[in-house]
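To start, the structure under review is shown below, and the notes come after it.
We name chains A, B, ... by the order of the sequence lines, and we start the count at 1 in each one. Hydrogens, waters and symmetry mates are skipped; everything else that's a heavy atom, side chains included, is used.
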Amino acid sequence: MSKRSLYSIVAALILLGVYSYEHFLKEEEQQVIIADGSQPKTQTNTFFLPTSTTGQVVHHEGYSLSYSEAHEQPEWVAYELKKSDLSNHNFKRPYFEIDSAVKTGAAHWRNYKNSGYDRGHLCPAGDRRSSKAAYDETFLTSNISPQEHNFNAGIWNTLEQKVRYWAVKYDGIFVVTGGVLRGDMQAIGDEAVAVPNAFYKVLIDYNSGDPKMIGFLMPHENSNKPLYEFVVSVDDLEKLTGIDFFPQLDDAKEDKLEASTSYKDWVFN
DNA sequence: CTGGCAGTC
DNA sequence: GACTGCCAG
């Protein structure tokens, strides 16, 4: 058995243990959390919004998105991720709902049924655990893309967990995520939801002095490579997607940060 | 954590 | 279709 396999099994057992314990202990406590309501985070959530190539930006309490009706999924989902968004509470997964804020009509989850693809969160449920309401809000079909399960539960999940690690370590980062909606793509369901051939993630840390930025581009397939091998410049992601990710930064700073492929400022462990 | 699927009403 | 319970990596 490889060292990696052993680690995976140990990690799974620990998660299982935590899950069981939380489920047993904290059912009543959840309702207190719900009553606490969501924090007003609109200001920070929208500060770094990218441009939209589709003209349909939708804001929710916990994240914003730009919906592509042609592809029946978002071209990007953007949100701030702070320590307070994470918790140990176990929430029961709700059903995916059609996002009524998408005026052109967001996809129905039925498109994904028996498609062979996961309903892959872009703003992960695990990034919105401050309250049941915040958690449930990620279960909108405007927040998902078709993803191969081995990719979603594999290298992509690994990246999402690293993002949570950085959010804690740097006490807040801003995250932009999406599928690359370009080129020839397969489609699933009656509404022809496009299956991206790659997914990207852009992070900016604006809390620790000079802002630092990092971009990832992952082919839509699982991988055993280390995360840093997927680092790309934000410039490359902008050329690939047609999206301007940080128009709010002054041009000189934006140009410098977005051209960088350096990840020395981001601790990978 | 990331998810699907079968059985029931 | 909504909901519960069970399953896998």
With a 6.0 Å cut-off on ring centres, are A:F139 and A:H121 close enough? yes
Choosing from B:dG3, B:dC5, B:dT2, which nucleotide comes nearest the side chain of A:D118? B:dG3
A:K162 atom NZ is separated from B:dT2 atom P, nearest whole Å, by 16 Å
Donor-acceptor pair, side chain of A:E148 and main chain of A:N222, under 3.5 angstrom: no
Please report the distance, rounded to the nearest Å, between CG in A:N150 and C1' in B:dG4. 12 Å
Tell me what A:G154 touches on the nucleic acid: a base, only sugar-phosphate, or nothing, going by heavy atoms under 4.0 Å. nothing
A:E221 side chain to A:F151 main-chain N or O, any donor-acceptor pair under 3.5 Å? no
Please tell me if A:R93 has a side-chain N or O lying less than 4.0 Å from either OP1 or OP2 of B:dG3. yes
What orientation do A:W166 and A:W266 show, parallel under 30°, tilted 30 to 60°, or perpendicular over 60°? perpendicular
Integer-rounded Å distance: B:dG3 P and A:Q161 CD: 11 Å
Any residue meeting salt bridge (charged side-chain N to carboxylate O under 4.0 Å, His left out) with A:K162, in chain and number order, not counting sequence neighbours: none
Within this structure, what is the CG-to-P distance between A:L159 and B:dT2, rounded to whole angstrom? 13 Å
On DNA chain B, compare the nucleotides closest to A:P124 and A:K113; which residue's is nearer the 5' end? A:P124
For A:N152, which contact category applies under a 4.0 Å heavy-atom criterion: base, sugar-phosphate, or nothing? sugar-phosphate
Rounded to whole angstroms, how far apart are OH on A:Y117 and P on B:dC5? 14 Å
Interface polar pairs with nucleotides 1-3 of chain C, N/O, under 3.5 angstrom:
| unit_1 | atom_1 | unit_2 | atom_2 | d |
| --- | --- | --- | --- | --- |
| C:dG1 | OP2 | A:R110 | NE | 3.3 |
| C:dG1 | OP2 | A:R110 | NH2 | 3.3 |
| C:dC3 | N1 | A:Y95 | OH | 3.4 |

Verify the contact: side-chain N or O of A:H121 to OP1 or OP2 of B:dT2, cut-off strictly under 4.0 Å; return yes or no. no
Would you mind reading off the distance between A:H220 atom NE2 and B:dT2 atom C1', rounded to a whole angstrom? 13 Å
Which whole-number value in Å describes the distance from A:I144 CD1 to B:dT2 C1'? 14 Å
Parallel, tilted or perpendicular: ring planes of A:Y206 versus A:F48, cut at 30 and 60 degrees: tilted
Could you tell me how the ring of A:F199 sits relative to the ring of A:H220: parallel (under 30°), tilted (30 to 60°) or perpendicular (over 60°)? perpendicular
Round to a whole Å and report the spacing from CD1 of A:I155 to P of B:dG3. 15 Å
